[in-house]
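Worksheet: the structure to be examined is printed underneath.
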Amino acid sequence: MHQENPKLKTPKSTMAISITSQTLLLLLLLPSPPPPPPPSSPLLLSSALSLRPSRKRKRLPIPRPNPDPSKSTFLMSSSTFHYLLGLLEPLLDCRDPPGSPLPLSPHSRLAAGLLRLASGAPYDQISRLLGVPADAARFCARRLCRVLCTNFRFWLAFPASDPDLDSVSAGFLPSLPNCCGAIVCARFEVGGGRAIAAQVVADASSRILGVATGFRGDRDDSEVLQLSSLYKGRVSVPRYLVGGGSYPLLPWLMVPFVGPRVGSSEEDFNAVHRSMCEPALRTVASLRNWGVLSRPIEEDAKMAAAFVGACSILHNVLLMREDYSALSEVGIVEDRLLNDRESRCLPEAFSEEALAIRRELAVKAKEIRGS
């Protein structure tokens, strides 16, 4: 990841996660997820369904499953926690601070690292909760981020093959064809009134297809785009990305029309385009559910970028496992990330090719909204 020193202050966003020492102790003592309850007897179920309800009959309370404490502590189910433990155990356990061996199990190391990411709690608080030195908690968090961003960055790889890109485009249908992702640029506050910018590309299911972070927060979105590998590699026409008005109009990047006339195809394009950008906005909102990204990150810019990368990888892991513990609800998005202001133009912005592609897509949007 390309990284720079951040300088600009951005608004705070906070999210509290309830943590108790009793909950953590319970999680650390559990060697594996609890087994599911035995299924109900088919005979009893059939008999119950055959009875007509009576007003005089007293209804029994419906048993509710015990809440999974891992979801409120680590922003994931206990089964996902143990999946990660099995995956990362040899990598977390193979390194200790120089001259200071840690008498911690892989389970405890993963718990300390995830607790930092999920809650954003300072290391001295994690130290008290887990009964480990604060330096050990810091080492575990940094080690987890290093392992994820180094060994598992392929979970954030932008699709390279035509079949994979076709699959991404199909996810956006019945909206406009050939779209292979929505792009947005978010800012995360770092201590000292600074911020880092993170460019995120997501598919229609809010799965992250690529992240570029570590840029100064005072750079505008088009500058961050130019500095990212996405701009250098580019998406091949006729495929394209969709993004807000802070981006330039390019043949492979479609942005909304400014001030469209009411009832025009341009207005229809903007409406369809807005709906296609929502998965990326939901992704950013979900990343802010991680406590370490929901408040000023009291670390240097390099570590802050590692937190963004690690949380992005974990976001995709949770979606892959259909674990929606950290996924933001539909509709809870950051509308300010989309706007209709003109961006700082890039050399090839607003080319005749880009304008022609957008006009053609606007006609299709009119057909879609009229059908």
Report yes if the side chains of V201 and L230 come closer than 4.5 Å at any heavy-atom pair, otherwise no.
yes

Under-4.0 Å salt bridge between D166 and R239
yes

Just checking, is any N or O donor in the side chain of S351 or E353 under 3.5 Å from an acceptor N or O on the other one?
no

Identify whether L85 and M320 are in the same connected component of the hydrophobic contact network (ILVMFWY, side-chain heavy atoms under 4.5 Å).
yes

So which heavy atom on L144 is nearest to which on L114, and how close?
CD2-N, 3.7 Å

Looking at D268 and K364, is any side-chain nitrogen of the basic one under 4.0 Å from a carboxylate oxygen of the acidic one?
no

For the pair D300 and K302, find out whether any cationic side-chain nitrogen is under 4.0 Å from an anionic carboxylate oxygen.
no

Just how far is it from atom CG of L361 to atom NZ of K366, taken to the nearest 0.5 Å?
15.5 Å

Does F307 reach the side chain of R116, with side-chain heavy atoms less than 4.5 Å apart?
yes

Ring centers of H273, F257 separated by less than 6.0 Å:
no

What do the steps show when you test S167 against D164 for side-chain hydrogen bond (donor to acceptor under 3.5 Å, both in side chains), and what is the final call?
CA-CA 5 Å; S167 177; D164 288 340; over 6 Å; no

Quick one: do the S77 and D68 side chains pair a donor with an acceptor below 3.5 Å?
no

Measure the shortest side-chain to side-chain distance between P256 and R274 over non-hydrogen atoms and say whether it is less than 4.5 angstrom.
no

dist S108:OG -> L130:CG (nearest 0.5 Å) comes out at 7.0 Å

Drop me the distance from H82's NE2 to L87's CG, to the nearest 0.5 angstrom.
14.0 Å

Kindly indicate whether the side chain of H315, heavy atoms from C-beta on, has any atom under 4.5 Å from the side chain of T283.
yes

So, S206 and R282: side-chain donor and acceptor under 3.5 Å apart, yes or no?
no

Do P279 and D203 have side-chain heavy atoms sitting under 4.5 Å apart?
no

With a 3.5 Å cut-off and no angle check, do the side chains of S70 and T73 form a donor-acceptor pair?
no

I'd like to check W290 versus L314 (side-chain heavy atoms, cut-off strictly below 4.5 Å). Are they in contact?
yes

Say whether N178 and S169, considering side chains only, have a donor N or O and an acceptor N or O under 3.5 Å apart.
no

Side-chain ion pair, R187 and D221, N-O less than 4.0 Å
yes

Does R142 pair with E299 as a salt bridge, N-O distance under 4.0 Å?
yes

Rounded at 0.5 Å granularity, tell me how far CG in L115 sits from CZ in F74.
6.0 Å

